[in-house]
Amino acid sequence: MNVPERKAHVENVIKIDTTKKCLSIQYSTDRLKPRQPGKARRFTFDAVYGMQATQTEIYENSVRPMVNHMLHGYNVTIFAYGQTGTGKTFTMEGSQMERGIMQNAFRQIFDFKQKEKRHKCIVECCYLELYQGKIRDLLNVSRPTLFDTKAKLTLPCKGLRSVTCQSVEEIENCRKKGYKSRKTASTYFNDYSSRSHAIFIVTLKVLNSKTGKALIHSKLNLVDLAGSECLQKSNATDIRLKECCEINLSLLAVNKVISSTVAGKTYIPYRDSLLTQLLQDSFGGNAKTLMIANIGPAASTYKETLVTLEYANRAKKIKNAPNINFYREDRCHNEEKMREKYKKALEDLAQCKMDYEMAEKRADTLKNMAIKQMKDVAELLVDIGKVNQPNPD
Ligand SMILES: Nc1ncnc2c1ncn2[C@@H]1O[C@H](COP(=O)(O)OP(=O)(O)OP(=O)(O)O)[C@@H](O)[C@H]1O
């Protein structure tokens with residue numbers, strides 16, 4: 001709950017059960033009608049965090065496994081979605097007091113790089129924002145970047161400045177530099193509201209030190225979406241109104257993509273907005289995606305919160321088909337070893353079969369010999385019997 005909501009003693013309409021990973025929202029706009037307990041809407045997610053949750057707790061439980069996937073060759077997207085002022089930027093970028101998802105992810109990536117002694121690791125980053133339907137390069141704001149929006153756009157787009165980073169400090173500097181260049185403004189809901197969608201892209205290449213062959217080429221998209229805003233409540237005018245409409249339209253496009261994907265439609269409207277074009281792989285594509293739905297508990301934003309929860313509930317039904325981008329050498333090595341073992345086992349099996357067949361033939365010969373011997377013995381017995389018969393004379 002933000003300061004004005006707390007000052008106005010606004011009612012809390014959210015109940016959270018972190019162990020059951022569910023939350024319920026209950027509110028009656030009709031003050032005269034008492035609330036009916038059965039009418040609460042319940043939602044279950046992969047994880048639910050309350051107001052006391054720390055950045056570390058969220059990172060360790062929900063984000064670290066995703067970044068781990070990126071380190072093993074998957075493309076990963078982590079995005080924060082929610083109404084304006086609910087803490088998306090706070091979650092992604094952190095604050096003076098606590099590291100956010102981005103800083104924690106950088107640490108995890110560079111820890112991996114440091115431990116990877118056998119291979120060469122290259123970490124690169126780009127930072128862009130989508131503002132008023134255009135892409136701005138946050139690491140090179142002075143130069144307008146030209147993008148062919150008619151061609152299929154994928155992240156990171158050609159033309160963006162890409163910075164090779166050797167340490168957490170270097171990538172952190174890129175984040176800080178880009179963050180300072182983001183379009184922000186003071187609005188009715190948030191003194192420092194993001195007016196754009198920001199995407200920080202970390203690319204990881206793991207190369208064989210001897211051959212230079214790429215063993216892994218994966219990327220991590222860290223997305224801080226601009227917040228949806230209720231025009232009636234925000235009293236936005238002029239440029240703020242224009243921004244607000246643009247933001248709401250692009251978020252609507254994301255919503256349409258999610259709904260069409262979940263409904264299993266053959267046509268998915270990715271091209272309705274630049275945002276959905278760029279994030280195409282993250283919605284029903286080949287990336288692993290984590291959606292963080294930021295909400296506020298105040299009764300005054302009940303409708304917006306419900307929309308976010310319904311949105312997240314729909315998004316969790318999307319089934320992506322993630323691919324590993326390149327194989328690790330040790331994995332190839334293991335596969336080769338297993339193939340050799342298989343070949344050897346086949347050869348052993350063929351030898352056993354031959355030995356068995358030979359043994360079978362030998363057994364047949366021995367059997368025939370035994371039968372013949374038995375016959376000979378029987379005939380001899382008869383002959384002996386004949387010889388031993390008393391002479392009738
Ligand atoms: N969990 C939290 N703990 C403490 N302060 C928070 C928390 N979440 C958000 N805030 C504070 O609330 C204010 C709004 O947060 P933030 O700017 O991150 O919201 P947002 O969802 O990104 O908004 P917008 O969509 O308008 O950009 C900031 O001052 C931020 O520091």
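Order of appearance sets the numbers: ligands from 1, and atoms from 1 within every ligand.
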Has T86 got any heavy atom lying under 4.0 angstrom from an atom of ligand 1? yes
For ligand 1, is S95 a contact, meaning one of its heavy atoms is under 4.0 Å away? no
Which of the atoms of ligand 1 are close to K88, meaning less than 4.0 Å from one of its heavy atoms? 18 (O), 19 (O), 20 (P), 21 (O), 22 (O), 23 (O), 24 (P), 25 (O)
Closer than 4.0 Å to some heavy atom of G227 - which atoms of ligand 1 meet that? 25 (O)
Counting both backbone and side chain atoms, is some N or O of [X] under 3.5 Å from an N or O of ligand 1?
| X | answer |
| --- | --- |
| A226 | no |
| T84 | yes |
| L225 | no |

So, the side chain of D137 versus the backbone of R161: is there a donor-acceptor pair under 3.5 Å, distance only? yes
Matching residue for M70 among N75, I109, T203 - test: side chain to side chain contact (heavy atoms under 4.5 Å, CB included): I109
Short N-O contact, E347 and K344, less than 4.0 angstrom: no
Kindly assign one of parallel, tilted or perpendicular to the pair F106 and F200, based on the angle between their ring planes and the thresholds 30° and 60°. tilted
Compute both the distance and the angle, then confirm whether K288 meets the cation-pi test with Y74: under 6.0 Å from the six-membered ring centre, within 45 degrees of the axis. yes
I need the minimum non-hydrogen distance between G133 and E246, along with the two atoms involved. N-OE2, 3.5 Å
